[in-house]
Amino acid sequence: MTGDVATLDDAAEEFGTARRRLFGIAYRMLGSAAEAEDVVQETWVRWQTTDRTVVRNPQAFLTTTATRLAINVLQSARSRREAYVGPWLPEPVDTSADPTLGAERAEALDVAVLVLLERLTPTERAAYVLREAFDYGYAEIARIVGTTPAAARQLVSRARKDLASGRRNTVRTADRRALLEAFLAAARAGDVAALERLFADDVVSRSDSDGRAKHVARVAVRGRTKVARLLSAFADEFWAGVTTRPVVANGTEAVGMVRDGELVGVLSVTASDDGVHELAWQLNPEKLAGYRQALQDPPA
């Protein structure tokens, strides 16, 4: 490539073509729409200020820049998350209203999968996202993360193995809707027996509020009886004044919780034929800001 994106207008057009993909990669790597947007903006700054006349493949340059920036953010986020109060969960995104993510493949977008991705190193996470969500070849992945094609293949293989045991979201949409309705009825009533019937043996409940929400556990709670009793103990206080509505979070049906007209939580559920395996309660006001705005300004 020589001068076809040398001008700023041409550069902006090239960047606009890549923007959805860049955001999709960064969000899947970081689990944060705000941090992903920061990565996209920094990528634009670097694209503006680079000598574009020597860039042979603009799209490859942009993807590499965004991916490496996201890897850097992940590396610094490790220490920040150590100081986080309680479980960390990804920031939910409304894929029904957000074409940036809704237009891409759903792989590595589900809340439960994003939690599983936390097990991986930043480079493994990048390689997995590029391969599984965006179908990049191993030679391309190698160039982006700075390794060999053989090593890139190994990165993706290790990531697949690490994630395989935790992927259980297999319930059909109609069954999932019925399960959510049954769960909400039992949770509101604090009905321990009904909750236990809905749960798999290894159910886990995680509540992300960074210590701001009352009446929620600050650790992950595991096991059918423990989770049922926890939800029963907090039922009266937690559900007081709360109405629920079906929403779409990260490509999957979820539950929005509203109090005094304001979204105060998003519940995502992972389930199989064995019952509910995971409850992910996003209650952190900062992480709900973007989702709250999407609900207030629905698409025309």
Linking I/L/V/M/F/W/Y whenever any side-chain heavy atoms sit under 4.5 Å apart, do [X] and [Y] land together?
X	Y	result
Leu180	Phe199	yes
Val192	Val221	no
Leu89	Val204	no
Val266	Val248	no
Leu198	Leu230	yes

- Option passing ring-ring contact (aromatic ring centres under 6.0 Å, His included) with Phe15 (candidates Phe23, Trp47, Trp44):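 Going through the options one by one, the only one that passes is Trp44.
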
- Task: With sequence neighbours excluded, tell me which residues meet side chain to side chain contact (heavy atoms under 4.5 Å, CB included) with Thr148.
- Result: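 Partners of Thr148 by the side chain to side chain contact (heavy atoms under 4.5 Å, CB included) criterion, ordered by chain and then number, come out as Ala150, Ala151.
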
May I ask you to test the [X]-[Y] pair for a side-chain heavy-atom distance under 4.5 Å?
X	Y	answer
Ile71	Gln75	yes
Leu69	Thr43	yes
Tyr128	Leu155	no
Arg21	Gln59	yes
Asn57	Phe61	no
Ser272	His277	yes

Where the side chain of [X] meets the backbone of [Y], is there a donor-acceptor pair that is under 3.5 Å apart?
X	Y	value
Gln282	Pro90	yes
Glu262	Val264	no
Ser157	Arg153	no
Arg176	Val269	yes
Ser232	Gly190	yes
Arg28	Gly24	yes
Arg206	Trp88	no

- Message: Let's go through Val276 and Thr270 carefully: what are the C-alpha distance in whole Å and the side-chain angles of both, what is the deciding distance for side-chain contact (heavy atoms from CB on, under 4.5 Å) to 0.1 Å, and is it a yes or a no?
- Response: CA-CA 6 Å; Val276 175; Thr270 302; over 6 Å; no

Spacing of [atom1] belonging to [X] relative to [atom2] belonging to [Y], to within rounding of 0.5 Å:
X	Y	atom1	atom2	value
Thr121	Arg158	OG1	CZ	7.0 Å
Leu22	Glu37	CG	CD	10.5 Å
Glu35	Glu91	CD	CD	8.5 Å
Asp208	Lys287	CG	NZ	3.5 Å
Leu263	Tyr291	CG	OH	7.5 Å
Arg125	Leu116	CZ	CG	10.0 Å

Could you tell me which non-hydrogen atom of [X] sits nearest to which non-hydrogen atom of [Y], and how far apart they are?
X	Y	answer
Leu130	Thr63	CD2-CG2, 4.2 Å
Ala152	Ala142	CB-N, 4.0 Å
Leu30	Ala70	CD2-O, 3.5 Å
Gly251	Thr95	N-OG1, 2.8 Å
Leu283	Gly265	CD2-CA, 3.8 Å
Pro92	Ala249	CB-CB, 4.4 Å

- Can you list the steps and then say if Leu231 with Leu279 is a side-chain contact (heavy atoms from CB on, under 4.5 Å)? CA-CA 11 Å; Leu231 296 181; Leu279 298 163; 4.1 Å; yes

- Scan residues 218-231 for pairs that pass side chain to side chain donor-acceptor pair (under 3.5 Å), counting only residues two or more places apart or in two chains.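 Side chain to side chain donor-acceptor pair (under 3.5 Å) check on residues 218-231 returns Glu196-Thr225, Asp201-Arg224.
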
- Quick check: are there more than 12 heavy atoms from other residues, nucleotides or ligands sitting under 6.0 Å from CG of Asp260?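 Incorrect, the count does not exceed 12.
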
- Message: Can you confirm whether Gln41 is buried at CD, in the sense that more than 12 heavy atoms of other residues, nucleotides or ligands lie under 6.0 Å from that atom?
- Response: yes

- Item | salt bridge (Lys or Arg N to Asp or Glu O under 4.0 Å) evaluation trace for Glu132 with Arg160 | CA-CA 9 Å; Glu132 299 299 299; Arg160 285 171 176 162; 2.6 Å; yes

- Output, in order, the C-alpha distance, side-chain angles, deciding distance and verdict of salt bridge (Lys or Arg N to Asp or Glu O under 4.0 Å) for Arg46 and Glu42. CA-CA 6 Å; Arg46 296 194 181 194; Glu42 179 60 25; 3.1 Å; yes

- Message: Working note: Thr252 + Asn250, criterion side chain to side chain donor-acceptor pair (under 3.5 Å); need CA distance, chi angles, decisive distance, verdict.
- Response: CA-CA 6 Å; Thr252 307; Asn250 295 60; over 6 Å; no

- Please say which of Val258, Leu267, Leu184 ends up in a side chain to side chain contact (heavy atoms under 4.5 Å, CB included) with Thr244. Leu184

- Message: Leu120 vs Leu117, test: side-chain contact (heavy atoms from CB on, under 4.5 Å). Steps then yes/no.
- Response: CA-CA 6 Å; Leu120 307 180; Leu117 286 175; 3.5 Å; yes

- Looking at residues at least two apart in the chain, or sitting in another chain, which of them share a ring pair (Phe, Tyr, Trp, His ring centres under 6.0 Å) with Trp281?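 Only Phe238 meet the ring pair (Phe, Tyr, Trp, His ring centres under 6.0 Å) criterion with Trp281.
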
- Steps toward side-chain contact (heavy atoms from CB on, under 4.5 Å) verdict (Val73, Met29): CA-CA 9 Å; Val73 174; Met29 288 180 62; over 6 Å; no

